[in-house]
Structures are given as structure tokens and as C-alpha cells.
Number of protein chains: 2
Amino acid sequence: MNLSERKKKILSAVIDENFLTAEPVSSKQLQENYLKDFSSATIRNELATLEELGLLYHPHTSSGRLPTKDGIKLYVDEILPSIKSASVEDLTKMFDAKLDNVSSVLKTTAKAISEATNYTTIMSLSLYDFAIIEKVGLVGIDENSVLAIVSTDRGTIKDLITLEANEEELESSSKILTDIFRGKTLRQIENSDFLITSEIEKYKYMFELMVEMIASQEKKNNQIAIEGKNKLLEYPEFADSSKLRSAFEIFEEPSSLESLLDSTGQNIETIIETDENSPVKDCAIVTASYKVGDKTIGKASVFGPVRMDYKNVISILKGLSSEISHKLNQPNKNNSSKKGDD
Amino acid sequence: MNLSERKKKILSAVIDENFLTAEPVSSKQLQENYLKDFSSATIRNELATLEELGLLYHPHTSSGRLPTKDGIKLYVDEILPSIKSASVEDLTKMFDAKLDNVSSVLKTTAKAISEATNYTTIMSLSLYDFAIIEKVGLVGIDENSVLAIVSTDRGTIKDLITLEANEEELESSSKILTDIFRGKTLRQIENSDFLITSEIEKYKYMFELMVEMIASQEKKNNQIAIEGKNKLLEYPEFADSSKLRSAFEIFEEPSSLESLLDSTGQNIETIIETDENSPVKDCAIVTASYKVGDKTIGKASVFGPVRMDYKNVISILKGLSSEISHKLNQPNKNNSSKKGDD
DNA sequence: ATTTAGCACTCGCAGATGATGAGTGCTAGC
DNA sequence: GCTAGCACTCATCATCTGCGAGTGCTAAAT
């Protein structure tokens with residue numbers, strides 16, 4: 001769509017003003033706060049045109065204008081892109097996360113974004129596609145329990161497993177398993193998506209125990225964090241408790257979250273839900289995805305009312321995004337020598 | 001307070017009916033649903049008496065009655081005690097919790113109680129006052145990290161610590177530390193509330209590392225679980241989003257929670273907050289405490305509107321309570337021989 | 001051709017009014 | 001001690017009204 005500069009300015013002004021007041025915006029308001037050089041009548045004419053284009057609407061004859069879904073889309077996609085990304089140095093520690101504290105790092109990062117944007121923030125991160133195994137260790141604890149340790153370039157996962165074995169057995173198993181696992185990602189082990197040679201057959205039981213342990217640890221390290229749910233309470237859009245309820249119910253249900261955040265793979269994507277029947281009607285979600293190769297290993301999503309401060313949200317997610325891709329493209333100190341394996 | 005049976009019956013009826021409708025209760029309602037043998041006029045007389053006693057009130061002349069704080073207190077303390085405790089066999093797994101999954105057990109238990117009562121449930125549990133140390137192990141992982149393992153009768157805590165040491169040193173340290181720690185609770189170690197003999201001086205550094213590790217692990221195993229926050233949304237009392245907000249803010253703030261749940265030590269205690277200025281005005285909290293000796297090691301609190309189904313809540317918490325004290329008084333298979341130490 | 005002043009028109013909103021009915025308190029009789 | 005009956009109170013709801021914010025349109029000005 002090709003809008004005149006003035007029309008763009010007016011559309012932005014409507015969205016910005018509506019963000020501040022949460023009310024329909026009148027031509028007079030626009031004139032006084034954004035376009036002092038024109039009369040309200042002129043602005044009214046422009047507003048009428050923007051309405052014909054489907055970018056604005058007004059709920060009743062004598063009320064001000066509100067942006068439609070299309071209007072916001074256009075604003076986000078064509079008017080905002082020029083904004084700079086925010087500086088977010090202190091947020092990128094997320095990608096220095098170690099496997100044994102992913103959830104706490106996710107939590108603090110999500111909390112930070114939530115504080116910065118003032119919206120609910122949902123983060124997910126799977127180091128399982130990212131961490132490269134370096135070594136497998138098996139240590140006898142007592143008669144029938146063994147501590148299994150898998151160390152990666154991203155930290156260590158460990159768990160007690162039930163197994164009777166003497167020290168020599170453990171030692172040789174450690175060696176063999178290290179040989180098999182080294183250089184692979186945890187995900188590959190979990191899926192066992194590589195050839196099992198006859199050599200491994202002997203250690204099949206051990207091997208399966210380890211796969212199981214790795215899989216169970218992934219579930220345990222609950223790799224999704226939702227912070228700032230209470231932020232929603234600040235917005236009049238959620239004053240109605242049934243709206244709040246449906247939003248909170250979505251947060252509870254990991255599966256519905258998954259589908260909601262299932263981005264098409266764009267770097268930053270904005271979803272605006274105005275479907276009358278959607279549980280998150282009148283909500284907007286801005287999602288940034290972080291990838292290594294073609295695998296999405298992390299996502300940061302900001303959830304709020306359609307009347308959202310997109311400028312701020314996108315600039316923060318953008319900043320995080322650029323910092324992170326910078327990080328990901330730096331060879332990692334610990335695993336640079338082994339990275340070629342997969 | 002000595003009430004006639006009929007007055008008790010009427011007070012109960014008011015509270016029960018108000019629980020169902022969330023509205024003031026009229027004499028006619030009571031007559032139809034609870035006291036068919038009397039006319040509404042008789043009931044009105046009784047209601048007036050109960051009002052004089054400060055157990056009921058009515059917001060305006062032509063409205064039905066509502067219980068006051070005192071009325072509910074009396075109901076809970078003097079009328080309800082005859083109710084049986086619910087069977088809750090499947091909830092007591094909480095006290096079979098192992099240190100390394102306290103938080104997940106707390107979570108599921110809190111969730112179960114929340115589902116059973118339909119209110120928000122807050123649980124806390126500290127095995128640190130409860131678990132008796134059996135053994136300390138130090139295992140070298142690589143050049144400068146050591147896996148410290150403290151096994152207790154309630155599971156194992158473990159963490160990587162940074163330390164350079166050869167195998168012999170680790171072995172002898174393990175032995176000495178085991179001698180010092182064995183039979184003590186984790187809390188005692190954390191507080192170091194026992195005599196440090198000159199013998200220990202040599203291992204002071206190791207000792208301090210272990211104390212630190214134990215303390216940090218306690219923080220890590222976030223030992224408080226709040227489940228069913230969304231339940232509040234179902235109650236008209238929380239339709240007003242500012243009320244909801246203050247409740248949710250309390251849930252966020254662990255310190256304010258602490259003070260709120262700081263029970264006087266009764267087995268089951270009901271707090272009804274009607275103070276005009278309290279952030280949790282018109283909320284009720286029923287807390288059950290679980291003790292070993294004089295230490296409270298766990299608490300289960302149910303949070304909801306003053307108009308709460310006390311009967312159900314208390315019977316569930318009571319059931320949990322009795323199951324647990326039964327459990328706690330059974331000598332534990334693993335630590336019966338060492339329990340005399342403190 | 002674009003902008004603007006002016007004005008009629010629309011419609012939500014807030015306050016006033018009145019009818020309704022639920023519920024009580026009281027009194028008198030059973 | 002219980003209850004029928006009735007006057008009284010007061011919240012609630014629907015209806016109405018005036019107000020004012022805001023628009024759309026037209027005609028004049030730039």
C-alpha cells in the first residue's frame with residue numbers, strides 16, 4: 001500500500017495516541033498533539049480516506065478513530081521498520097546459559113524483557129539442539145545407584161540412575177559412551193538419529209539408560225518461562241476478568257502456547273488476533289526467533305493487548321536478536337574444535 | 001459463645017447459602033432451603049438476634065444477611081470441627097519427597113489440593129530441617145571441578161564446585177566431612193550450629209565450600225509452590241481487577257507471603273482478613289502446618305475469598321495433616337538408627 | 001486543488017425520575 | 001414461642017433528557 005507521508009503520519013499518530021489513552025482518537029486530539037499545522041477538518045478528511053482503505057474504523061458515528069488489524073499491521077510492517085534496535089547488552093546472557101540452569105536464566109531474561117516492555121513475556125530455549133557433548137562420566141554412588149554425568153560445551157547434565165555395576169564396568173562404559181556421544185548434540189542422542197554400529201550392541205542397555213536419562217532431564221529442566229503475567233492487569237483491555245481468564249488459561253496450556261507462537265520463521269513476527277472467536281481476541285504477540293542453521297533454538301514472545309507499544313517491544317526484541325546472532329556466529333571457545341562433527 | 005442449636009443451624013445456613021450464591025441471604029431463602037419447619041418471620045427474628053451478637057450484618061435495610069468475620073470464625077471454630085477429614089491418600093507423597101525433586105512434588109501436591117478445593121494453594125516444605133545426612137562424597141570431574149554429593153535419608157543434593165584437588169585429597173576429605181556431617185540435618189550444617197573442633201580446622205576450606213554449596217542448593221530448589229492462581233478468576237469477588245492484582249502481587253512477593261502464612265502454630269488455622277486497608281481484604285487463608293518436634297517443616301495454605309467452602313478445605317487439609325503426622329511418626333526405614341544424634 | 005470554517009447531525013454518556021420488588025422490622029393474634 | 005400481615009426501606013432497572021464530543025458535508029478562502 002502506498003500512502004502519502006501525511007497519511008502515514010496520521011495513522012501512526014492514531015496508534016500512538018490510542019496507545020496512551022486506550023480510547024478512540026478524535027481529529028482534534030490529533031491536531032493538537034501531532035499535526036499543529038493542519039486544521040482538524042483536514043485531518044478528518046484524511047481520516048475518512050484511511051477509513052475507506054480499511055486501516056481505521058470508528059465504533060459509532062460520533063466517536064473517534066481506532067486502528068483496524070490491517071492498520072496496525074501496516075504500521076508495524078511499513079512504518080516502524082526504520083526504528084533502531086534498543087541496546088540490551090544485559091539480556092544476552094540468555095545465550096551463555098548452561099544446561100543446569102537454563103530455567104533460571106530463562107526466567108531472569110523473560111523477567112527483564114517483561115520489565116522493559118511492561119508486557120507478559122514468554123521465552124523458550126532449547127540447548128538440546130545446541131550443546132555439543134564432550135564427555136560422559138559414570139560414577140558409582142552406592143551399591144545400586146550410579147551418577148551419570150554428560151558434560152557439554154554448555155554445561156553438564158547429571159542424574160542418578162539405578163544400575164548395579166562395578167568400577168571397571170563403569171569406567172569402560174564411560175569411555176565407550178564418550179566415544180559414541182562426543183561431538184553430537186543432546187538432541188541427536190535423545191532421538192538416537194545416528195547409526196548404531198555393532199560395536200555398541202554390547203553396551204545397548206547402558207546406552208538406552210543414558211538416552212532415557214537425557215530425555216527425562218530435558219523435561220525436567222522446564223524450558224519455557226512465562227514472566228510478568230500480572231502486567232496484563234494494568235491494561236484496561238483485561239479489566240474484564242473473562243478476558244484475563246482466557247489469556248491465563250492459554251499460559252497454563254503449553255500446547256496452545258506452542259501453536260500460538262509457532263512462527264513462520266521470520267526473525268521478528270507480529271501476530272494480531274482480532275478474530276471474534278479467538279480466546280486471545282484483541283491480543284497481540286510479537287515473537288523473535290533465534291536460530292542456528294535452520295533449527296530454532298530459542299524464542300522470545302511478548303504478549304499484550306492489540307494496543308501495544310510496538311515500537312518499544314520490537315526495538316527490544318530486535319536488539320536482543322542482533323546481539324544473539326552476533327554471539328552465535330562467534331566460534332565458541334570450548335567447542336570450536338569439535339563443531340565439525342555433525 | 002453459646003448459641004442454641006437453631007441459631008447455629010441458621011448461621012451455618014447463611015454461610016452455606018452465601019457460599020453458593022455469592023449474594024446476601026434472605027429469610028425466605030433460608031426457610032425454603034434449610035428450615036422448612038419454621039416461617040420466614042421466625043427466621044427473621046433469629047437473624048436479628050444473630051446480628052445483635054455481631055455474627056451477621058446486612059449492607060442495607062432491605063437486603064439479606066451476610067456473615068461477619070466473627071460469624072465465620074465461630075462457624076469454622078465451633079460448628080465445623082465435627083466434620084470428618086477427607087481421604088487424601090494420594091496427596092501424602094509430598095512427604096516422601098526427595099531433596100532433588102522437592103519442587104516438583106510440591107508443585108503436584110499443591111496442584112492436587114488446588115484442584116480438590118478449587119482455590120489457590122500455596123505449599124512450602126523444607127527438608128532441610130528434616131533430612132539427615134548419611135554420607136558426603138567428592139568426585140573429581142575434571143582438572144578444576146569437583147562434584148560434591150551429600151546423600152541424606154531424603155535424597156541426594158549435588159553440585160559442581162570449583163576446586164583443584166587430587167584423588168587422595170578428595171577421598172580423605174570425603175571421609176572427614178562424612179564423619180562431621182553424618183547424623184546432622186542439612187539445616188544444622190547450613191547454620192553451622194554445632195561445635196567446630198580443632199580437628200576440623202585442617203579441612204576448614206573444604207568445610208566452608210560444602211556449607212556454601214548446601215546453602216545455595218536450598219535457594220535453588222525453590223521450595224515454595226503456588227498453584228491454581230487462575231482459580232481466583234472464577235469467583236465474583238475477584239471480578240474487580242484491582243482486587244485480583246493485589247492478590248497476585250502478594251503471590252509474587254515471597255516475603256509478604258511469609259508473613260501472611262506465619263501461623264501461630266496451630267495445626268490448622270484460619271485467617272479471615274476483613275481489615276479495610278489490607279491488600280487481601282475479604283480473603284481467607286486456611287493454613288495447615290506440619291511439624292517435626294517444634295520445627296515447622298511444611299505448610300499447606302489455601303487462599304480464596306472469605307466466602308470459602310471451609311468445610312471442604314478444612315477436611316482436605318485435615319486429611320493431609322493426619323496422614324502426614326502418621327507418616328512422620330513412623331520410624332523411617334533409612335534413618336531410624338541415626339535419629340538420636342541431635 | 002487544497003485547506004479550512006461553520007454548522008447540522010449522530011450518538012454515547014451521565015444524571016434524573018419513577019416503578020418494581022425483594023427483604024426487613026414490627027405488631028398483633030394464634 | 002411462632003407466624004401472618006403489613007408498612008417501610010432501598011437497590012435495581014428501564015426510561016427519558018440534555019449535554020457534548022465528534023463527525024461529515026458544504027461552501028468559501030487560499
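Labels below follow one simple rule: chain letters A, B, ... track the order of the sequence lines, proteins then strands, and each chain is numbered from 1.
- A salt bridge does not link B:Glu46 to B:Lys9: none of the charged side-chain nitrogens sits closer than 4.0 Å to a carboxylate oxygen.
- For A:Leu47, whose side chain is taken as the heavy atoms from C-beta onward, the closest listed nucleotide among D:dT23, C:dG25, D:dC2 is D:dT23.
- The side chain of A:Glu51 approaches D:dG24 more closely than any other nucleotide in the set D:dC2, D:dG24, C:dT4.
- The closest side-chain heavy-atom distance from A:Phe238 to B:Ser241 is not below 4.5 Å.
- Within the structure, a side-chain polar atom (N or O) of B:Thr61 is placed less than 4.0 Å from OP1 or OP2 of D:dC10.
- Distances from the side chain of A:Thr42 to the nucleotides D:dT3, D:dT23, C:dT4 place C:dT4 closest.
- Listed nucleotides: D:dG22, D:dA4, C:dG25. Nearest to the side chain of B:Ala41: D:dA4.
- The residue among A:His60 and B:Ser39 whose nearest nucleotide of DNA chain D lies closer to the 5′ end is B:Ser39.
- If one axis is set at each end of the helix from C:dA1-D:dT30 to C:dC30-D:dG1 from five pairs, those axes are 30° apart, to 10°.
- Ion pairing between a basic and an acidic side chain is recognised when a charged N comes within 4.0 Å of a carboxylate O; A:Arg65 and A:Glu51 show such pairing.
- For B:Arg44, the side-chain atoms get nearest to C:dC26 when compared with the rest of C:dG12, C:dT4, C:dC26.
- Here B:Ser27 reaches the OP1 or OP2 of C:dT24: one of its side-chain N or O atoms lies under 4.0 Å away.
- A close approach under 4.0 Å does not occur between any side-chain nitrogen or oxygen of B:Arg6 and OP1 or OP2 of D:dG1.
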